[in-house]
*Asks:* 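Before anything else, here's the structure in question.
Throughout, protein chains are lettered first and strands after them, A, B, ... in sequence-line order, and every chain is numbered starting at 1.
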Amino acid sequence: MKEAIAEALQHALSRCQENGSLPDDLTARIQVDHARDKQHGDFATNLALTIAKAAKQKPRDLAELIVANLPDSDVIEKVEIAGPGFINFYIKSDAQSSVISNILNRQEKFGLAEIGKGKKIQIEFVSANPTGPLHVGHGRGAAYGAAVANLLKAIGYDVHCEYYVNDAGRQMNILAASVWLRYLELCGEEYPFPVNGYKGDYVLDIAAALHRENGDKMYHSWTEISKDLPKDEPEGDKELYIDAIIDKMKTLLHPDQYNLVFDVGLNYILDDIRDDLEHFGVVYDEWFSERSLTNSGDVTLALERLQKSGHCYEKEGAIWFKSSDFGDEKDRVLVRDNGQTTYFASDIAYHMNKLERGYDRVIDIWGADHHGYVPRVKAALQALGDDPDKLDVLLVQFAVLYRGGEKIQMSTRSGQFVTLRHLRKEVGSDAARFFYVMRKCEQHLDFDLDLAMSQSNDNPMYYIQYAHARVCSVFSQLSDKGFEFDQANGLAHLDLLIESHENALVTRLSRYPEIIARAGQQHEPHQLVHYLRDLANEFHTYYNAHQFIVDDKNVRDARLCLITATRHVISNGLSLLGVSAPEKM
RNA sequence: GCGCCCGUAGCUCAGCUGGAUAGAGUACCGCCCUCCGAAGGCGGGGGUCACAGGUUCAACUCCUGUCGGGCGCGCCA
């Protein structure tokens, strides 16, 4: 509809230029907006105001000129000039109501677009370290990432969802050490658990599994382990201490044994995460291993290419990337003085790998605490000769949890956190998914657990789902009363939908495709949330104002067509958000 | 200190990439079920859009500065 009006305006402009009433070199970006106020019609354009200066004419005069040159249209009812020079358009009602038959034909396909046809997008999200279960902070990234992916698919992109598994590095070694120490407890050993070890219950479970499978095979006494160890906190340094334990573990255990402990821990947690996300309705096309980048030689290759680019140097035994050449605040280490590559080096290789896979666009969704990391990754891509603009990093602010009005402090290491699994079980996947995407990602999210877990009616999700359930309920009433719905008859009598509530609802329905397109392109699922709330509101208002099951068959069928269309749109929208549309509540 | 994000109704947030009188929810007050689910609807009060300048026919929106809040500035990942 918007396009039709923009096209008409373009015609009018060209016509004015042909007959000399406007200068030839005039170019205008035609903008058509939904009128905010009903008194301003359905659509409005500020075209006359924007070209006033270039055309050297008064906006109101220009508006009249444009209107006079508008081509005939079968959708425009009338045109008005208002205020300083706005042009307001009123749409013919039969053009509006055609959206109903469109929805009833397309059903679950209504709203889909082909904006991204033929374009491939890779989207990576969550990617939490496999050192423990997902917590509610990760949940936001999961819900947001999945919703963005759904929206992009809906507008025609070929979307590939990926989870980057950080299965290399120090954190994983700490996990392995934590598991091993818990395992020693099961062998009957007693010792003080390291301050910096992972203390969550899941570590006990992993250790138990390890002990079940292997008995005491990997047992070493604490006196043997603790020999020459530095002091743990509070007397000593907890970081040095845990590293010393890892070293000791590596010397005491056969490499195969070390890897076994490591892998049992990794796989246990990864399985848990995968299972958790699946129940959350979040599925990935690929789980990409950080270690695989080292094994495949991609890390070496990335480092070579970076060094060839001339933006690397050696200092104090380490190899540095001169990211400050590309706007980063300081240079970054790629290879440590001990010869080990950094996480950053893997990440460069990973992003290089992503772009080499031929995606038109690559989206990373990170926690906002990683924002300082963006410039260095883009710098690396630029140094490698790739286009850094192909990478979109979307930063999600953390969800701040409240319980009893108090902010909850969380730490993975101490094991004090609310898991996503827990949240899901308490409030259900639907409410959690909905809550997480209600506000835009750069906004802090206050997640009140008491409110969410109490299944309160305050949750706007119920309002939307209720609208859907109400439509379904009307249809069960219909058969109870011995009526049948004749869709074809309803579509033939859409002109009977003359009530203002009906017009408002139809107008709202007609905007759905636009909302999907915009929410997708701007990566903003919250726009869809707000739309659905408005749509539900329009429906509930209509429901209260008018009876649908009336004796007049034509009116009845027409109204049933309208509410069925509403049901489809609600269902389609909720499904993109990962929320169900129940028929009964 | 530097960098990124945020400051809109008592509270939680929208505001369509500069447009017409700044909107919802919630909370508070008052109405509406002999009628398809009241998990609903209708009405009411409540705002110097943090502050100060600037650009513009037009600024919540763009620019600069100030103040307030969050986060980040490792040879951790």
*Asks:* List in chain and number order the residues that pass ring-ring contact (aromatic ring centres under 6.0 Å, His included) with A:His311, two or more places apart in sequence or in another chain; answer none if no residue qualifies.
*Replies:* A:Phe326
*Asks:* List for me each residue that meets side chain to side chain contact (heavy atoms under 4.5 Å, CB included) alongside A:Ala432, sequence neighbours excluded, and say none if there are none.
*Replies:* A:Phe280, A:Leu423, A:Val427, A:Tyr436
*Asks:* Give the residues of residues 528-537 of chain A touching RNA chain B, defined as any heavy atom closer than 4.0 Å, sorted by residue number.
*Replies:* A:His530, A:Arg533, A:Asn537
*Asks:* For nucleotides 59-64 of chain B, tabulate all protein N/O to nucleotide N/O atom pairs closer than 3.5 Å, reporting atom names and distance.
*Replies:*
none

*Asks:* For A:Tyr163, enumerate each residue passing the ring-ring contact (aromatic ring centres under 6.0 Å, His included) test, keeping only those at least two apart in sequence or located in another chain.
*Replies:* A:Tyr284, A:Trp287
*Asks:* My understanding is that only residues two or more places apart in sequence, or in another chain, count here; which of them pass side chain to side chain contact (heavy atoms under 4.5 Å, CB included) with A:Arg533?
*Replies:* A:Tyr463, A:Ile464, A:Asn537
*Asks:* Please work out which residues in residues 339-351 of chain A have a non-hydrogen atom less than 4.0 Å from an atom of RNA chain B and list them by number.
*Replies:* A:Tyr343
*Asks:* Could you pull out all donor-acceptor pairs under 3.5 Å where a side-chain atom in residues 549-560 of chain A meets a protein atom, sequence neighbours excluded?
*Replies:*
from, atom 1, to, atom 2, distance (Å)
A:Asp552, OD1, A:Asn554, N, 2.9
A:Asp552, OD1, A:Val555, N, 3.2
A:Lys553, NZ, A:Asp557, OD2, 3.2
A:Asn554, OD1, A:Asn489, ND2, 3.1
A:Asn554, ND2, A:His493, NE2, 3.4
A:Arg556, NH1, A:Val550, O, 3.0
A:Arg556, NH1, A:Asp551, O, 3.4
A:Asp557, OD1, A:Asp486, N, 3.2
A:Asp557, OD2, A:Asn489, ND2, 2.9
A:Arg559, NE, A:Glu502, OE2, 2.9
A:Arg559, NH1, A:Gln547, O, 2.8

*Asks:* Can you list the residues that meet the ring-ring contact (aromatic ring centres under 6.0 Å, His included) rule with A:Tyr531, with sequence neighbours excluded?
*Replies:* A:Tyr512
*Asks:* The side chain of A:Lys481 is closest to which nucleotide in this list: B:rA38, B:rC6, B:rC36?
*Replies:* B:rC36
*Asks:* So, using side chain to side chain contact (heavy atoms under 4.5 Å, CB included) as the criterion, who are the partners of A:Ala565 when residues are at least two apart?
*Replies:* A:Ile100, A:Ile103, A:Leu104, A:Leu509
*Asks:* Below 4.0 angstrom, which residues in residues 318-334 of chain A have at least one non-hydrogen atom near RNA chain B?
*Replies:* A:Ala318, A:Trp320, A:Glu329, A:Lys330, A:Val333
*Asks:* By side chain to side chain contact (heavy atoms under 4.5 Å, CB included), which residues pair with A:Thr342, not counting sequence neighbours?
*Replies:* A:Val333, A:Arg336, A:Phe344, A:Ala345
